[in-house]
Amino acid sequence: MSTSELQEPAPETPLEQALERTEQEYRRFWLVIGAGWLLTNVAYSITNLPMRFVLMDQFKLSAAGVAWFLFVTQFTNYIKPLAGFLSDAIPFLGTHRRHYLLVGLTACGAMWLILGVVPRSYYWWLFTYGFLHIFIVLISTVLGGVMSEGGHRYHASGRLSAQRIGIFRLAVLFESAGGLLARFDFLVSSVITSVLHFVLVPLFRRELKEESNPQPDFTAWKETKRQANALYQSRTLWCAAGLVFLVIAAPGFTTPLLFYQRETLHFSMEFIGLLRLISGACGVLGAFAFSRLCGRYNLRPLLTMGIITHVVAALLYLGYRDRMSALVISGLYEAAQTLALLPLYDLAIRATPRGSEALGYSVMMSVWNLTNGLSDLLGAKLFGVGGVGFTGLIFLNAGTTALVLIAIPFLPRALTDRKDRQAAAPPVGVES
């Protein structure tokens with residue numbers, strides 16, 4: 001046996017030991033924050049179809065009525081930056097994140113139980129679900145703050161962002177379970193959703209540590225004002241937001257499609273749930289495809305091809321006639337929409353000034369949420385009161401989305417004529 005084989009491995013240096021402890025802490029943090037994103041989003045996916053079927057079958061709402069109900073009750077989605085400022089600047093029970101999250105999870109779980117037992121009347125549900133959604137937005141916003149802090153602490157903002165988006169796509173797959181649960185009383189779905197929130201309370205109570213800081217920190221407000229001024233000067237960011245608006249603002253057929261599936265094609269609840277499963281899986285594939293393409297091709301051709309692909313996929317709905325065509329078209333459309341939107345979000349990230357990434361992202365999410373709600377509402381109105389059939393909505397959706405192609409040639413080449421690894425956000429106050 002040689003001398004080298006008898007040598008013991010060199011002891012770890014203090015730096016190596018510290019790095020190992022940090023990596024272990026990160027893995028633990030990754031699991032905890034992942035559990036928060038996963039369970040809450042699975043809960044919302046499970047209740048999506050059962051809620052819509054209650055509105056359709058028990059409340060006898062039209063497509064426009066369902067879209068209006070959801071648009072009004074989810075109003076807090078459109079003011080997420082306000083919830084972020086609240087958590088950043090105003091401590092609650094001595095902490096900025098911990099108690100907001102614990103109270104939000106507890107209240108949200110309780111409100112889902114209440115929604116399951118209140119009288120099945122329009123106004124009871126309108127006020128109950130509207131109040132419940134305040135806590136949904138609070139949980140999402142605070143989790144985002146916790147994730148951002150962990151990204152800075154462990155130098156892992158990219159990994160944590162990828163985890164979040166991956167979990168969101170994964171959660172969509174659970175909408176298929178909602179198709180099965182819709183066969184039972186809504187109380188069954190609400191209890192499951194409530195439990196998924198309650199089990200997170202002891203987890204975050206144990207794992208989320210935060211030093212007590214009872215004093216308000218209004219430096220966050222000053223920083224927000226500074227960032228808002230920088231964002232105001234970033235014309236390309238607002239251009240990207242406008243393009244997202246055009247893609248999403250095309251008269252939507254999310255709610256009209258559900259009515260078309262039930263009333264014209266007579267699809268069962270279970271089959272509609274299966275269609276959501278296929279859509280979610282293909283959305284994941286679309287995101288994976290973009291992650292490969294963005295490192296090989298400049299952003300400009302990806303923008304163009306994404307919009308063209310989305311328009312073609314929307315027109316495929318003209319052949320939406322039976323179960324087989326529904327399975328194929330649902331998957332292709334979700335993948336195409338993902339390929340159309342991700343280049344726009346890439347453009348927005350590139351155009352956001354350094355130091356304003358979080359606020360820039362919240363602006364884009366607010367544009368997304370508000371426009372998505374308005375799009376579905378407009379499509380439902382045209383489908384019902386406006387007398388526009390499902391075929392007419394398809395042409396309107398495809399045509400409005402195609403308008404984005406007109407703006408692409410005017411985007412700054414400094415941002416769009418680069419591959420993913422070459423792109424960089426411009427400095428604060430400097431427009432590329």
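Hydrogens, waters and symmetry mates are skipped; everything else that's a heavy atom, side chains included, is used. Numbers here are sequence positions counted from 1.
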Residue pair Arg276 / Leu49, side-chain heavy-atom distance below 4.5 Å: yes
Heavy-atom check, side chain of Tyr333 versus side chain of Ser279, under 4.5 Å: no
Leu38 CG to Phe174 CZ distance, which is reported to the nearest 0.5 Å: 6.5 Å
His133 and Thr76: side chain donor to acceptor below 3.5 Å: yes
Let me check something: any side-chain donor-acceptor pairs from residues 103-123 under 3.5 Å, sequence neighbours excluded? List them with distances.
residue, atom, partner, partner atom, Å
Thr106, OG1, Leu102, O, 2.9
Arg120, NH2, Gly116, O, 3.3
Arg120, NH2, Asp185, OD2, 3.1

Phe259 and Thr264, any side-chain heavy atoms less than 4.5 Å apart: no
OH-OG distance between Tyr317 and Ser325, expressed to the nearest 0.5 angstrom: 10.5 Å
Distance-minimising heavy-atom pair for Leu200 and Ala35: CD2-O, 3.8 Å
Nearest atoms (heavy-atom pairs only) where Gly34 meets Ile167: O-CD1, 3.6 Å
Shortest non-hydrogen contact between Phe29 and Val146, atoms and distance: CZ-O, 3.4 Å
Sub-4.5 Å side-chain heavy-atom contact between His197 and Ile139: yes
Distance, nearest 0.5 Å, that separates CD of Glu263 from CG of Leu258: 9.0 Å
Arg205, CZ: over 12 other non-hydrogen atoms inside 6.0 angstrom: no
CA sep, side-chain torsions, deciding dist, call: Trp124, Phe59, ring-ring contact (aromatic ring centres under 6.0 Å, His included): CA-CA 11 Å; Trp124 270 103; Phe59 295 175; over 10 Å; no
Backbone of Leu187 reached by a side-chain donor or acceptor of Ser190 within 3.5 Å: yes
Partners passing salt bridge (charged side-chain N to carboxylate O under 4.0 Å, His left out) against Arg98 (at least two apart in sequence or in another chain): none
Criterion side-chain contact (heavy atoms from CB on, under 4.5 Å) on Ile46 and Glu175, from CA distance to verdict: CA-CA 5 Å; Ile46 285 175; Glu175 286 196 24; over 6 Å; no
Parallel, tilted or perpendicular: ring planes of Tyr320 versus Tyr260, cut at 30 and 60 degrees: tilted
Side-chain donor/acceptor of Ser140 to backbone N/O of Ile136, under 3.5 Å: no
Validation row: Met51, Phe69 side chains within 4.5 angstrom (heavy atoms): yes
side-chain contact (heavy atoms from CB on, under 4.5 Å) evaluation trace for Gln74 with Tyr129: CA-CA 8 Å; Gln74 296 177 2; Tyr129 184 64; 3.4 Å; yes
Enclosure of Trp68 CH2 (heavy-atom neighbours >12, cutoff 6.0 Å): no
Enclosure of Phe131 CZ (heavy-atom neighbours >12, cutoff 6.0 Å): no
Test item: Phe53 and Ile272 side chains (from C-beta on) under 4.5 Å apart, heavy atoms: yes
side-chain contact (heavy atoms from CB on, under 4.5 Å) assessment of His99 paired with Leu208: CA-CA 10 Å; His99 289 105; Leu208 183 58; over 6 Å; no
Main-chain N/O of Leu138 paired with Thr141 side-chain donor or acceptor, under 3.5 Å: no
Nearest heavy atoms of Ala314 and Ile394, plus distance in Å: O-CG2, 3.2 Å
Separation of Trp125 CH2 from Leu132 CG (nearest 0.5 Å): 10.5 Å
Nearest heavy atoms of Leu70 and Leu55, plus distance in Å: CD2-CD1, 4.4 Å
Heavy-atom check, side chain of Asp322 versus side chain of Leu265, under 4.5 Å: no
Exam field: side chain Thr40 to backbone Gly36, donor-acceptor pair closer than 3.5 Å: yes
Minimum heavy-atom distance between Pro50 and Ser189, given as atom pair plus value: CG-OG, 3.5 Å
Pairwise distance CG(Leu196) to OG(Ser45) - rounded to 0.5 angstrom: 10.5 Å
Pair Arg323-Phe267, side-chain contact (heavy atoms from CB on, under 4.5 Å): steps then yes or no: CA-CA 8 Å; Arg323 287 172 173 256; Phe267 289 166; 3.9 Å; yes
Euclidean distance, Leu302 CG relative to Leu293 CG, rounded to 0.5 Å: 6.0 Å
Phe271 vs Leu327 side-chain heavy atoms within contact, under 4.5 Å: yes
